Every structure is written in structure tokens, then in C-alpha cells.
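First comes the structure, then the notes that go with it.
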Amino acid sequence: MGQSTILLPRFDIETTLLGGQAFRWEKIGENQITSFQGIVSGRILQVRWEDGGYVVDCDFTDTNAESAQFIRGYFDLDRDYGSARNALIADPMLRHFASSLFEDWDGPRILRQPWFETTISFIVSANNHIPRIRNILRVISRTFGKKISNEASGDYAFPTPEQLAGADLSTLRGECNTGYRDIFIRDTARRMADAFSYWNEATLLSTDELRTALLELPGIGPKVAECILLFGFHRFEAFPVDTWVRKAVSEAYFGGRTIPDGEIRHFAADHFGPNAGLAQQYLFEAARKRG
DNA sequence: CACCAGGACGGCG
DNA sequence: CGCCGTCATGGT
């Protein structure tokens, strides 16, 4: 049983963990010093304040070295976010539009999340509110995932592709409240279970090939595919266009007039290049924060 | 209490 | 291709 405490660099923890990219983190400790608990890859992670910075505690059946490696990967600690942020906010339009994100700390990061959970999460996200997405994913985990052996904690890992492939639609719809997305969830889980090694070794694939493969799965359209590429397959150049990003790009760069999604994506790739994914997250969180 | 949500899908012109 | 109605559900 390994037990590690790892110091995190300076960044906007709350927006990163509770914003629109991850759905399995919660703020804990009422009126205490803020801390967060999340479930990632069947592990319970806690982020808490200690001596002027945030640290992550992980307590699970890995060695300390494995725990550290896992945390480094999940929080993308090997990427230079200072440089990426500086490059992006050199653009006065982005700097101004997203200024609310940089009042205290250094803005949000992009988490490197597990690909299957990310896939199902963003299928669920379609035409849905974030609080409801969180509820649905919690019940899906409780219903189909493995209980994390930890007293009576009530914490469950997100289900594997095989576990969700065996789900019946009435349970997904009636108990998990997925609505019409039940068939998309089960059938995409089946497809990913049947081709598990293909998806599990997707680091070998180009972003274009991976995007094409994702778009063949039920419930995955252009926007959801882009989210899975960015958050689940760590493609930093991916640029999801949803209602908030649409509004943000329109207001910040086109004087408020409506722009076709294709033109928005072209603009983003051209304007933000390899940092488009992070730029997208700035635009999304800033637009959502201002309402 | 209508409205809308990190849209996708199928049918139509 | 592009456009448009439809799709469950519940948070605000």
C-alpha cells in the first residue's frame, strides 16, 4: 500500500477540478480550508492546502514511485503551462476576455483523464447541464462500477468498457437517468470493449485518425469527439466548440456576430496552434463565469 | 415555471 | 452538403 503526498504547482485548482472538464471531483470540508476529493482510475485522490500550496494525497495499492507517476500524468505536470499561458495571453483579446481566470492563480490546466470515462462522460454531456452530468455519472459508477474497498465510503470506480457493455437500457434510463442517451452509452461501451486494445494504445495514432474513429461511435459528434481528444486522449490542439465557446469566440474576436462552427475551428487552429485546447478552456470557463 | 443545457441524429431539400 | 425538428431530464 503506497502513500504519497505530492506538491502541485501553482494553478487554478477549483476551476480545473470543478469546471467543465472533469465531473467526479467534489469540494469537501464545509467552511474549512478548501479541499477536494476525486475518483480517478479507481483511486481516491485528495487535494488539500498545506503550507502555502496545494498537495495531492494518494493512498492506494501502488508503490510510491507509481503513485507519483500517476499524479504527474493526471495533472499533466510535465507540460510547461507557464509558457503556454504566456503565449496565449500575449493575445490582448484572449487576455482581456479571460482575465477573470487569472486574478489570483495562474489559470486552469487540462487534466489527462482516462479515455473510457471521458468518452462516456461527454456522451452524457450532450444537451445537458453540468450539475446533471455529474449526477448521472455518479449513479452510473455506483450502479456498474467496482466499489473501492474503503470502509462504507460509498466510492465507486467508473465502470470498465466490459461492465457498461453489459448494462441493460432500462437500468441506464430508469435508474441512472441518462434519458435517450442510454443506447449511445451501451453501444459505444460495446464497441470500445470489442476493440479495447485499439483504444488503449491510441497514443500511437494521429489525432486525425483518432478523431475519425471516435466519430464512428454512436453519440459522438464533432463537439464530443473534440472533448474526448482533448481530455481523454491528451491532444492539446483539440478545440471543442460548444455554446459557450461559440459565444466567447464571437464576442472576443468577431464583434458578437454569429460564426459557423467550421469557421470557428479553422480560426482556432490558425490562431492558437498547438495550444488551442488550453485556449478553448480559457474561453469556455471565462464565458461560463460571466454568464 | 418555462427555458435550456460543454449536441447528436435522421430526414429533408 | 446545410438546415431543422426531435430527443429525456432536471437544475435554475
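Throughout, a chain's letter reflects where its sequence line sits, starting with A, and its residues are numbered from 1. These figures come from a predicted structure and were not determined experimentally. Worth knowing before you read on, the calculation uses all heavy atoms, side chains too, and leaves out hydrogens, waters and symmetry mates.
Ionic pairing of A:E226 and A:K223 is not present here: no N-O contact between side-chain nitrogen and carboxylate oxygen is shorter than 4.0 angstrom.
The CD atom of A:E175 sits 13 Å away from the P atom of C:dG10 (whole-angstrom rounding). In this structure, A:I136 places its CD1 atom 16 Å from P of B:dA5, rounding to the nearest Å. Atom pair A:L217:CG and B:dG7:P shows a separation of 19 Å (rounding to whole Å applied). The distance from atom CZ of A:F284 to atom C1' of B:dG7 is 13 Å, rounded to the nearest whole Å.
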Could you pull out the protein-nucleic contacts involving nucleotides 1-4 of chain C (nitrogen or oxygen on both sides, under 3.5 Å)?
none

With the criterion being N/O to N/O and under 3.5 Å, what pairs connect the protein with nucleotides 11-13 of chain B, and how long is each?
none

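Ring geometry, A:F231 versus A:F122: the interplanar angle falls under 30°, so the pair is classed parallel (tilted spans 30 to 60°).
At least one cation-pi condition fails for A:R191 and A:Y198: the charged atom is not both under 6.0 angstrom from the six-membered ring centre and inside a 45 degree cone around its axis. The cationic group of A:K147 lies under 6.0 Å from the six-membered ring centre of A:Y156 and within 45° of the ring axis, placing it in a cation-pi geometry. Annotation: cation-pi geometry satisfied between A:R43 and A:F70 (NZ/CZ under 6.0 angstrom from ring centroid, within 45° of ring axis).
If you take atom P in C:dA8 and the same atom in B:dG11, they sit 15 Å apart, rounded to whole Å. B:dC4 and C:dG5: their P atoms are spaced 15 Å apart (whole Å).
Judged by distance alone, with hydrogens and angles left aside, the side-chain atoms of A:R257 form no donor-acceptor pair with the main-chain N or O of A:G255 at under 3.5 Å. Using modelled atom types, no side-chain atom of A:E263 and backbone atom of A:P260 make a donor-acceptor pair closer than 3.5 Å. Looking only at distances, a side-chain donor or acceptor of A:T212 sits under 3.5 Å from a matching main-chain atom of A:D208. Using modelled atom types, one side-chain atom of A:Q21 and one backbone atom of A:R109 make a donor-acceptor pair closer than 3.5 Å. Remark: the backbone N or O of A:I110 is paired with a side-chain donor or acceptor of A:Y81 at under 3.5 angstrom. Side chain of A:D168 to backbone of A:T171: a donor-acceptor contact under 3.5 angstrom is found.
Remark: the A:E237 side chain and the A:T207 side chain contain an N/O donor-acceptor pair separated by less than 3.5 Å.
Among the heavy atoms of the strands lying under 4.0 Å from A:F231 is at least one base atom, whether or not backbone atoms are also near. Base engagement by A:Q281 is indicated by at least one non-hydrogen atom pair under 4.0 Å involving a base atom. Nucleic acid contact for A:G20: base, since at least one base atom lies under 4.0 Å from a heavy atom of the residue.
For DNA chain C, no neighbouring residue in residues 236-274 of chain A is found when judged by any heavy atom under 4.0 Å. For the segment residues 178-196 of chain A, the set of residues with a heavy atom within less than 4.0 Å of an atom of DNA chain C comprises A:G179, A:Y180, A:R181, in numerical order. Near DNA chain C, defined here as any heavy-atom distance below 4.0 Å, the residues from residues 119-134 of chain A are A:N127, A:H129, A:P131, A:R132, listed numerically.
When all heavy atoms of A:P159 and A:L164 are compared, the closest pair comes out as CG-CG, 3.7 Å.
To the nearest 0.5 Å, the span separating CG on A:N127 from CG on A:D242 amounts to 12.0 Å.
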Note to self: Using the rule given for side-chain contact (heavy atoms from CB on, under 4.5 Å), can you reason through A:I264 versus A:D261, listing the C-alpha separation, both sets of side-chain angles and the distance that settles it, and then say yes or no?
What the structure shows: CA-CA 5 Å; A:I264 293 179; A:D261 287 359; 4.2 Å; yes
Can you give each donor-acceptor pair under 3.5 Å made by side-chain atoms of residues 88-95 of chain A, sequence neighbours left out, with the distance rounded to 0.1 Å?
from	atom 1	to	atom 2	distance (Å)
A:D91	OD1	A:M93	N	2.9
A:D91	OD2	A:Y253	OH	2.5
A:D91	OD2	A:H271	NE2	3.0
A:R95	NE	A:I89	O	3.2
A:R95	NH2	A:I89	O	3.3

